[in-house]
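Accompanying notes for the structure given below.
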Protein chains: 2
Amino acid sequence: MVMGRPRSFDTDKALDEAMEVFWRHGYDGASLAMLTKAMGIKAPSLYAAFGSKEGLLKAALDRYAQRRCEHMRHVLAGATARDVAERFLSSIAESHTDPANPPGCLLVQGGLACGAGSENIPFELASRRAQTEADLRERFAQAQRDGDLAPEADPAALARFLSTIASGMGVLASSGADRDALREVARVSLSAFARCREAGGVPS
Amino acid sequence: MVMGRPRSFDTDKALDEAMEVFWRHGYDGASLAMLTKAMGIKAPSLYAAFGSKEGLLKAALDRYAQRRCEHMRHVLAGATARDVAERFLSSIAESHTDPANPPGCLLVQGGLACGAGSENIPFELASRRAQTEADLRERFAQAQRDGDLAPEADPAALARFLSTIASGMGVLASSGADRDALREVARVSLSAFARCREAGGVPS
DNA sequence: AGACTTATCTACCACTCGATACAAAACTTG
DNA sequence: CAAGTTTTGTATCGAGTGGTAGATAAGTCT
């Protein structure tokens, strides 16, 4: 064991609580008082462990990504491009309305626009959202190489479309929409995907 | 004219400046100092005219709605349901990337999640977003009565789908996506709409 | 003119913000 | 044990928060 007084709190458990606060109130709306109360620690412990409020957010985002990573692995393991899209959309519909979490998506609720001194937070969140889109794009490019997706199809456009739906579903869920509403959006969206996949392009 | 010293600033002009600040920084991120500087007035004038920070936001939202109302009138005047959807999506793609405004949509950027004391702002924004969805739903219901939309189609689901896309495009635009990217999302989305309109439902 | 009404400006309110100095506490090492 | 190392709690920092009191300016009314 390392020297010194041992930490009296569990880092991951504390991060889960911080994540929830950022999720529910956004970066600017999450005050240090809220965070320390939820995490069950005092400010100096927070700063010793995470450096700053922004550092705490990044650590929470890392943990969030780690959680979602398992889901994405399952999504990307779909046999066909359409299967991947279907898994992605329904996984979003479920996770964004999981009663165990605040509604919506941390990467959207966390802060699309922030105040002075937090200008880089929206950028940070955007780059994490872009990661998911990149995963989908790469998977669709692979599907295209496999002949599962038409050569005229546009993997980047399809990935962006799905990613946009996911963000929109985050907004929808945060407005109080229920799970069935999101599932319905997922179904309609999937039909767009299927159509583009079949046609390889988009009808005028 | 009314008694007393006349107002030295133009209310609508000041609201436009306030709108931009809320749009770019969100409700929590927009400080009184930012707002008064942008509006070119001092705090007491602001409070005399709008009552509170929340009152100012609501006034700005009213003006935003007023602006968008013209666009929506054009959208809803589309000859067919599909025409309406096409007009809606392309109008969103253009307006959310209009260089004259901050990127995205005020009703999304304004604040999906807020801090203590601003809990009702996300609710306020959600109710304004719901208005657009309701307009679309009603127009589609009319299209159904006109026989332009299949009897098995679901006007509410189609309206929610389009509204979700619009929110997603707001998030996308705020991440720095350019106009062509949004147009592409609009095209893909429109194909989903067309398919649902034809089939009257959604393929499994 | 002078009374009345409304807006504007300076200065300031109590409070909260994110962040930290410092000393006591809790552990490992010698 | 004592020395060294890290964490914890208390108490507080300066800056910024939304909001306002009170005096002054700029108009309309009779």
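Naming: A, B, ... by sequence-line order, numbering from 1 per chain.
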| task | For B:Ala48 and for A:Gly4, locate the closest nucleotide of DNA chain C by heavy-atom distance; then report the residue assigned to the nucleotide nearer the 5' terminus. | result | B:Ala48
| remark: Whole-Å distance, B:Leu56 CG to D:dG19 P, equals 10 Å
| said: If I take atom CZ in residue A:Phe9 and atom C1' in nucleotide C:dA26, what distance separates them, rounded to the nearest angstrom? | reply: 15 Å
| request: Verify whether one side chain among A:Ser118 and A:Asp28 offers a donor that lies under 3.5 Å from an acceptor in the other. | output: yes
| Distance in angstrom units between B:Leu46 CG and C:dT6 C1', rounded | 17 Å
| Strictly by modelled atom types, are A:Asp146 and A:Gln142 linked by a side-chain donor-acceptor pair under 3.5 Å? | yes
| task | Please report, rounded to the nearest Å, how far the P atom of C:dG18 is from the NZ atom of A:Lys42. | result | 17 Å
| task | Mind checking A:Ala30 for me? I need base, sugar-phosphate or nothing, with any heavy atom below 4.0 Å counting as a touch. | result | sugar-phosphate
| query | Taking atom types as modelled, is there a side-chain donor on B:Asn120 or B:Glu54 under 3.5 Å from an acceptor on the other? | reply | yes
| message | Do B:Arg183 and B:Ser90 pair up side chain to side chain, a donor and an acceptor below 3.5 Å, judged on atom types alone? | response | no
| message | Starting the side chain at C-beta, find the nucleotide from C:dT8, C:dT29, C:dC17 nearest to A:Met3. | response | C:dT29
| said: Base of C:dA25, side chain of A:Arg5 - is there a donor-acceptor contact under 3.5 Å? | reply: yes
| query | Do the side-chain N or O atoms of A:Ser45 get closer than 4.0 angstrom to the phosphate oxygens (OP1, OP2) of D:dT7? | reply | no
| What's the closest nucleotide to the A:Tyr47 side chain, out of C:dG18, D:dT20, D:dG18? | C:dG18
| said: Between A:Ile41 and B:Leu32, which residue's closest nucleotide on DNA chain D lies nearer the 5′ terminus? | reply: A:Ile41
| message | So that I know where these two stand, are A:Phe193 and A:Phe140 an aromatic pair - ring centroids less than 6.0 Å apart? | response | yes
| remark: Rounded to whole Å, the NZ-P distance (A:Lys37 to D:dG9) equals 16 Å
| query | What nucleotide, of C:dG18, D:dT10, C:dA19, holds the atom closest to the side chain of A:Ala43? | reply | C:dA19
| Which of the following nucleotides, C:dT8, C:dT20, D:dT20, is nearest to the side chain of B:Ser8? | C:dT8
| task | Take atom CE of B:Met34 and atom P of D:dG19, then tell me their distance rounded to the nearest Å. | result | 16 Å
| remark: Closest to the side chain of B:Lys53, out of D:dG9, D:dT17, D:dG18, is D:dG18
| request: Quick one: label A:Phe50 by what it contacts on the DNA or RNA (base, sugar-phosphate, nothing), any heavy atom closer than 4.0 Å. | output: nothing
| said: Return whichever of B:Ser52 or A:Arg7 has its heavy-atom-nearest nucleotide of DNA chain D closer to the 5' end. | reply: A:Arg7
